[in-house]
A.B. asks: 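Let me begin by handing over the structure; questions about it come next.
No experiment lies behind these values; they were computed from the predicted model shown.
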Amino acid sequence: MASSKARSKSRSASGKGGRPAAGAGSNGKSPSSRTVPAVSATPTSPRKSPGVTAARPPKRTAVAPEPEETFAPAANPVGPPLWLQLTSTVLSVLGLAISAYETYAHYNGNHLLGCPSGAGGTFDCAAVITSSQSMVFNVFPVAVLGLAFYVFAVVIFTPWAWQFRGAGFITSRGVDIVRLGSLIVGMGFVMYLIYAEFQIGSVCEYCSGVHVVTFLLFCITVVSAALWGLGKRNPARGV
């Protein structure tokens, strides 16, 4: 009995001193007590090997967007067209030529070419240009006034005057107003001369030619003012 107890004590003693306890290391420390090196939370960039340069992506240059094409309707030309300007110039020169010839015949008493003369005839230029009605206030011959008017008309109806945009105190609107006003006065004078021919009882073909030219210039001026206004010019076309 005593021997069995002694064996059990020796076994328990050898278990305690001979083998380490389960879970303990060779140094007698628990695995849970081992220190684990701390891992940095900030990622580190990969090391570059010496002599190797990392290729950088090419820089992108900003490209301006191409403007979108806009199709604007063509603007209507401002001002009378060139052909109408030239027509008015030709008419002015024609009126000047007729007036100059009538003035010459008035002072020289010459017979006008192509115009019949005779008492009681319907067409008698000599009777018209030498009558009392051919003098304004018995001072100025009508032929001279017509000549002065058409000298001014040749200037005011040239393409240069139509395209005039202003210089100094003279404006393009002022030029157009003077042109329109002169033709209104001219047409009033034409109506008076037609009345005078009825009073004389004869018609002068040359005077009638001046009347027609004045009427055509009046129509051109009024239509231009109505359609294109006064003083408006087109800088792109110069008209």
Side-chain angles (χ1 to χ4, degrees), residues 80-162 164 174-228 230:
L82 182 59
W83 67 267
L84 193 61
Q85 300 174 21
L86 295 176
T87 301
S88 65
T89 304
V90 172
L91 289 173
S92 301
V93 172
L94 179 60
L96 176 63
I98 299 174
S99 300
Y101 182 57
E102 286 185 327
T103 303
Y104 173 79
H106 175 82
Y107 283 103
N108 291 276
N110 295 338
H111 176 71
L112 294 174
L113 296 176
C115 186
S117 60
T122 303
F123 296 98
D124 191 348
C125 295
V128 173
I129 64 177
T130 58
S131 64
S132 59
Q133 287 86 350
S134 64
M135 302 290 292
V136 179
F137 304 117
N138 292 325
V139 177
F140 300 104
V142 172
V144 173
L145 292 179
L147 178 63
F149 173 80
Y150 274 101
V151 168
F152 170 77
V154 168
V155 176
I156 204 68
F157 281 99
T158 57
W160 175 84
W162 282 108
F164 182 73
V175 172
D176 289 349
I177 290 176
V178 169
R179 183 188 297 111
L180 179 62
S182 64
L183 263 297
I184 292 174
V185 174
M187 278 304 301
F189 199 65
V190 165
M191 299 302 295
Y192 163 75
L193 293 178
I194 293 175
Y195 171 76
E197 287 181 336
F198 279 104
Q199 294 293 320
I200 298 170
S202 299
V203 177
C204 175
E205 292 95 324
Y206 286 90
C207 297
S208 299
V210 173
H211 301 165
V212 172
V213 170
T214 306
F215 176 72
L216 293 177
L217 289 175
F218 174 77
C219 293
I220 291 175
T221 305
V222 172
V223 170
S224 299
L227 295 181
W228 296 287
L230 298 175

A.B. asks: Specify the closest pair of heavy atoms between P141 and M135, including all atoms of both residues, with the distance to one decimal.
C.D. replies: CA-SD, 3.7 Å
A.B. asks: Is there a side-chain contact between L145 and F149 in this structure, where contact means two heavy atoms from C-beta onward sitting under 4.5 Å apart?
C.D. replies: no
A.B. asks: Sort out for me which residue in L183, V90, V93, L91 forms a side chain to side chain contact (heavy atoms under 4.5 Å, CB included) with F157.
C.D. replies: L183
A.B. asks: Determine the sole option in V213, L147, V151 for which the side chain to side chain contact (heavy atoms under 4.5 Å, CB included) test with S99 is passed.
C.D. replies: L147
A.B. asks: Quick one: closest heavy-atom pair of Q133 and I200, and the distance?
C.D. replies: OE1-CG1, 3.6 Å
A.B. asks: Evaluate the side-chain proximity of T89 to P159: yes if any heavy-atom separation is below 4.5 Å, no if none is.
C.D. replies: yes
A.B. asks: Would you mind reporting whether F164 and D176 have side-chain heavy atoms less than 4.5 Å apart?
C.D. replies: no
A.B. asks: For atom CZ of F215, is the number of surrounding heavy atoms from other residues, nucleotides or ligands below 6.0 Å larger than 12?
C.D. replies: no
A.B. asks: Closest approach of E205 and C125, non-hydrogen atoms and distance?
C.D. replies: OE1-SG, 3.1 Å
A.B. asks: In the structure I gave you, are the side-chain heavy atoms of C204 and L112 within less than 4.5 Å of one another anywhere?
C.D. replies: yes
A.B. asks: Would the distance check show the side chain of S202 and the main-chain N or O of V128 forming a donor-acceptor pair, the cut-off being under 3.5 Å?
C.D. replies: no
A.B. asks: Rounded to the nearest 0.5 Å, what's the gap from CG on L230 to CD1 on I177? Could you check?
C.D. replies: 5.5 Å
A.B. asks: Please answer whether the main-chain N or O of A100 pairs with a side-chain N or O of Y150 as donor and acceptor at a distance below 3.5 Å.
C.D. replies: no
A.B. asks: Quick one, R179 and S224 - any side-chain contact, counting heavy atoms below 4.5 Å?
C.D. replies: no
A.B. asks: Write down the atom of V203, the atom of S208, and the distance for their closest heavy-atom approach.
C.D. replies: CG1-OG, 3.4 Å
A.B. asks: With rounding to the nearest 0.5 Å, note down the distance linking OG1 in T103 to CD1 in I98.
C.D. replies: 11.5 Å
A.B. asks: Please check this pair: side chain of H211 against backbone of C207, looking for a donor-acceptor N/O pair closer than 3.5 Å.
C.D. replies: yes
A.B. asks: State, to 0.1 Å, how close L217 and S92 come at their nearest heavy-atom pair, and which atoms those are.
C.D. replies: CD1-OG, 3.8 Å
A.B. asks: As a quick check of understanding, evaluate side-chain hydrogen bond (donor to acceptor under 3.5 Å, both in side chains) for S88 and W162, giving each step before the final call.
C.D. replies: CA-CA 10 Å; S88 65; W162 282 108; 3.0 Å; yes
